[in-house]
Each structure stands twice: as C-alpha cells, then as structure tokens.
Amino acid sequence: KRQRVKPFVKYVNYNHIMPTRYQVPTEVQPATLVTDQQMDSPDGRIEAKKYVKKLLQEKFLHPPADKSGRPSKDVIYMRKKLRF
C-alpha cells in the first residue's frame, strides 16, 4: 500500500507553490508531462493521470542512482516507516 501512487493533474499558479520534501527529479520536466489539449477534455485528463502514475511509479520502484551508485536518499527516506 505504501508504494501506491495516486496522481492528479491541475493548473497551478507558480506564485502559490510552496516547497515541500517531495520533489520531481530534474530529468523529468513537469511542464511537458501534460499538454493543454489533454487538460481540455475529461478523457485527456484521465490519460494524462495514467501516464504520470506510470512515470512516478517507475521512478519510485527503480530509483535513480546517485554518484556513488546507490539509490537516492530521498527515495529511501520515503520507503521507510514513519516513527511515531
């Protein structure tokens, strides 16, 4: 269940974005994931969500390696169980 990804797509004003611990990797360009034509129709948004989900799951299950060849610390942190 922790490896499940539930994506959403919507228009966002860049002035209202707050930084969080979740970041999109630099090799993924967020602006090119969804086009304006896809956002115009409900079917296009569904297809865009499926594409984004597939891409994010691939990055999460097979994380990119850092310079030393180990998986990225950010992805390892997200896989750990939270301690309360």
Side-chain angles (χ1 to χ4, degrees):
K1 261 187 166 178
R2 288 188 295 158
Q3 295 181 354
R4 196 178 96 186
V5 176
K6 187 170 182 180
F8 62 92
V9 292
K10 69 177 190 174
Y11 287 110
V12 177
N13 185 345
Y14 283 113
N15 294 330
H16 297 141
I17 294 178
M18 296 292 292
T20 64
R21 71 176 183 167
Y22 304 107
Q23 298 177 357
V24 178
T26 56
E27 63 268 5
V28 177
Q29 296 296 325
T32 61
L33 294 177
V34 180
T35 62
D36 288 334
Q37 290 82 15
Q38 288 177 323
M39 292 296 287
D40 289 340
S41 68
D43 294 332
R45 284 193 295 274
I46 290 171
E47 292 299 320
K49 284 186 227 178
K50 287 180 183 179
Y51 173 71
V52 170
K53 180 178 182 173
K54 184 181 81 163
L55 183 71
L56 292 177
Q57 278 184 337
E58 178 183 320
K59 293 290 180 190
F60 184 73
L61 294 176
H62 306 289
D66 60 1
K67 293 179 183 176
S68 63
R70 291 181 283 154
S72 174
K73 290 182 182 180
D74 298 332
V75 175
I76 292 172
Y77 173 74
M78 289 180 65
R79 288 184 177 181
K80 287 185 179 179
K81 186 175 182 178
L82 295 176
R83 294 172 30 184
F84 291 103

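Every value quoted in this text rests on a predicted model; they were computed, and no experiment measured them.
In this structure, K49 and P7 approach most closely via the heavy-atom pair O-CG, 3.5 Å.
In this structure, R45 CZ and M39 CE are separated by 6.0 Å, a value rounded to the nearest 0.5 Å.
For the side chain to side chain contact (heavy atoms under 4.5 Å, CB included) test, residues two or more places apart in sequence or in another chain that qualify with K50 are I46, E47.
Connection of L33 to Y11 is established within a shared hydrophobic cluster, with ILVMFWY side chains joined at heavy-atom distances below 4.5 Å, either directly or through further cluster members.
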